[in-house]
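Following: one structure in structure tokens, then a few remarks.
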Amino acid sequence: MSTTPISLDLNNIQGDILSGLPKKTQYYIFFKIQDAAKFRSDLAHFIPLIKTVAQVLKDRDDIDDHKRRGQPGLIPLVGVNISISHFGFVKLGIDDSTLAPNGTEDVFVKGQKQDAITNLGDPKRADGNPDWEDAFLNEIDGLIIISGESHATIEKKKHEIEHIFGVHTHHASIQEVKSIRGDVRPGDQSGHEHFGFLDGISNPTVNGFDTNVNPGPKSVDPGKVLVGQTGDPTPTREDWAKDGSFLVFRYLFQLVPEFDKFLEEHPLKKDGNGKDLTPEKGSELLGARMVGRWKSGAPIDVSPFQDDPELADDPKRTNDFKFEGERTSQLKCPFAAHVRKTNPRDDLEPDFSIDDRRILRRGVQFGPEVTRAEHNSGKTIHDRGLLFTCYQSHIENGFQFLQQSWANTANFPPFTGIGNATGLDPLIGQGDRAMSGLDPLSPQNVLPIDTFIIPRGGEYFFSPSLKALKENI
Ligand code: HEM
């Protein structure tokens, strides 16, 4: 970690990266560049719409102010960001092999489709392609994210952007290949993903930006998420890449009725203290042990056998855990639980630094709430899931490593003493999902886990700084 003070130019960094665009609803617009020269000149009109980190922070202050004064309604806030894929850079005639840390061999240059086939373990079609929606099997050059507080505001902004790029005219510089609308879930489920668990709690805090530092997982240097900043593991990239970040997008469908049915069919009979559980409590504990947190967000490493909403509400305590003293035990939290697989905290420290493995997760839910018919039948009828998005300065250290070397690897972490019985991440692991540690009284028992999350698309993008968008693209 650096000791020199870090100063970040918050006016140069796209807002979603460090602060997340404030949102109730978002459009993800995937596009192809049709006319590179016109795209460049249209971009000049688009850039003023981009929300930087500094502007997001100001918006937050305005919202707080609005609430403090007890003013009715919402402020019509809207935020836009843009990212370009390798294929987009090629169309624009920009050599991005210097941008990607491993040059032409980098997963960014190869694209996520190739990575899904070779490394990520996504299910495949008979033709060898990943079993994705067609739109994602073809080249995608860029992604525009529009974020706002109502459908009307993001719809209006979408039309404005389409007008800038001449979409629907003979002189369009881009073609929309797929648009997906995501919505934060309604009512008390706001902030919870579709299985019902509170999400977005344990993002790393970033030195030089966040003032409240996470107590449990260490904060990271900004170079773990921003290219060219202190702590960037690849300091050799060209200047124009500075303050940009790699955006990983995954289109992840969630089988919610099937997940609920699985929990109902495998309730734990007793908790780790030997106390009898009702079927309902037994199912709840099973779900919490698969994720590593209760639906409220309370970490099971701190409150292992019953939910504790007060703990979940306390920002100081909800991240203050490290699986300490549990390096070869899964009494409190299974080794393969989603949050332990994707951030093993003290399981790895101090032998390995996990700073290079931290990602900033964003994204939003898509699809409707589960209907009664779906719940009763235990079968998904309507598509729903997560538009998973995360930022990092190095995809192979970040998302790809988490997915391939941790979530998909049965004998990770390596110190458990039980090898492959440790198991795959029960949510996102690709392969023969099975894990031990779900029953705290018989942790050696291995339970096969059905499929609840299906990848149906994705791509790797780069979100350039404002300066790079203005001067180099
Ligand atoms: C944490 C759900 C996909 C990486 C979490 C949490 C939930 C969750 C409920 C706990 C809340 C929190 O700690 O913020 C899901 C669902 C997914 C999904 C439903 C798919 C539909 C992914 C993917 C990755 C990932 C694809 C990366 C490969 C992480 C990380 C954490 C996390 C790094 C934080 C762990 C920590 O620092 O303690 N996820 N997740 N997740 N997830 Fe996921």
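Each ligand, and each atom within it, is numbered from 1 in the order the structure gives. Only this structure's heavy atoms are used, side chains among them; waters, hydrogens and symmetry mates stay out.
A cation-pi contact, defined as under 6.0 Å to the ring centre and within 45° of the axis, links Lys158 to Tyr27. Judged by the 6.0 Å and 45° rule, Arg345 forms a cation-pi pair with Phe321. For the pair Arg327 and Phe415, the cation sits on the ring face: its NZ or CZ lies under 6.0 Å from the ring centre, inside 45° of the axis. By the 6.0 Å and 45° rule, Arg250 does not stack over the aromatic ring of Phe388.
Within His338, the N/O/S atom positioned nearest atom 43 (Fe) of ligand 1 carries the name NE2.
Residue contacts with ligand 1 for His194 are absent, since no atom lies close enough (heavy atoms, distance under 4.0 Å). Contacts of Leu252 with ligand 1, taken as heavy-atom pairs under 4.0 Å, involve the side chain alone. Heavy atoms of Leu198 found under 4.0 angstrom from ligand 1 belong exclusively to the backbone. Counting heavy atoms closer than 4.0 Å to ligand 1, residue Leu386 contributes side-chain atoms (C-beta onward) but none from N, CA, C or O. Residue Arg250 does not touch ligand 1, judged by heavy-atom distances below 4.0 Å.
Of the candidates Phe253, Phe388, Trp406, the one placing a heavy atom closest to atom 23 (C) of ligand 1 is Phe388. Scanning Ile201, Asn203, Leu120, Asn343 for the heavy atom closest to atom 37 (O) of ligand 1 points to Asn343. The heavy atom nearest to atom 31 (C) of ligand 1, considering only Arg361, Met290, Arg358, is found in Arg361.
Listed by first and then second residue, the ring-ring contact (aromatic ring centres under 6.0 Å, His included) pairs involving residues 106-134 are Phe108-Phe246 (not counting sequence neighbours).
In summary, the atoms of ligand 1 found under 4.0 Å from a heavy atom of Arg345, numbered by their order in the structure, are 36 (C), 37 (O), 38 (O). Close approach of ligand 1 to Phe399 is summarised as follows: ligand atoms under 4.0 Å from at least one heavy atom of the residue are 28 (C). Heavy-atom contacts of Gln254 reach the following atoms of ligand 1: 19 (C), 21 (C) (cutoff under 4.0 Å). Heavy-atom proximity to Phe197, at under 4.0 Å, picks out these atoms of ligand 1: 9 (C). Close approach to Ser202 involves these atoms of ligand 1, each under 4.0 Å from a residue heavy atom: 12 (C), 13 (O), 14 (O), 34 (C), 35 (C), 36 (C), 37 (O), 38 (O). In the vicinity of Glu193, heavy-atom distances shorter than 4.0 Å reach the ligand 1 atoms 19 (C).
Asp183 is linked by a salt bridge (charged side-chain N to carboxylate O under 4.0 Å, His left out) to Arg181, counting only residues two or more places apart in sequence or in another chain.
For ligand 1, the polar-atom distance check finds no N/O of Gln403 at less than 3.5 Å from any of the ligand's N/O atoms. Between Gly200 and ligand 1, a contact under 3.5 Å exists for at least one N or O pair.
By the 4.0 Å N-to-carboxylate-O rule, Arg456 lies too far from Asp383 to be salt-bridged with it.
Under 3.5 Å, the side chains of Thr389 and Arg361 contain no donor-acceptor pair of N or O atoms. With hydrogens and angles left out, the side-chain atoms of Asn81 and Asp16 include no donor and acceptor closer than 3.5 Å.
The ring of Phe366 has its center no closer than 6.0 angstrom to the ring center of Tyr28.
Applying the ring-ring contact (aromatic ring centres under 6.0 Å, His included) test between Phe249 and each of Phe30, Phe461, Tyr460 identifies Phe30 as the sole match.
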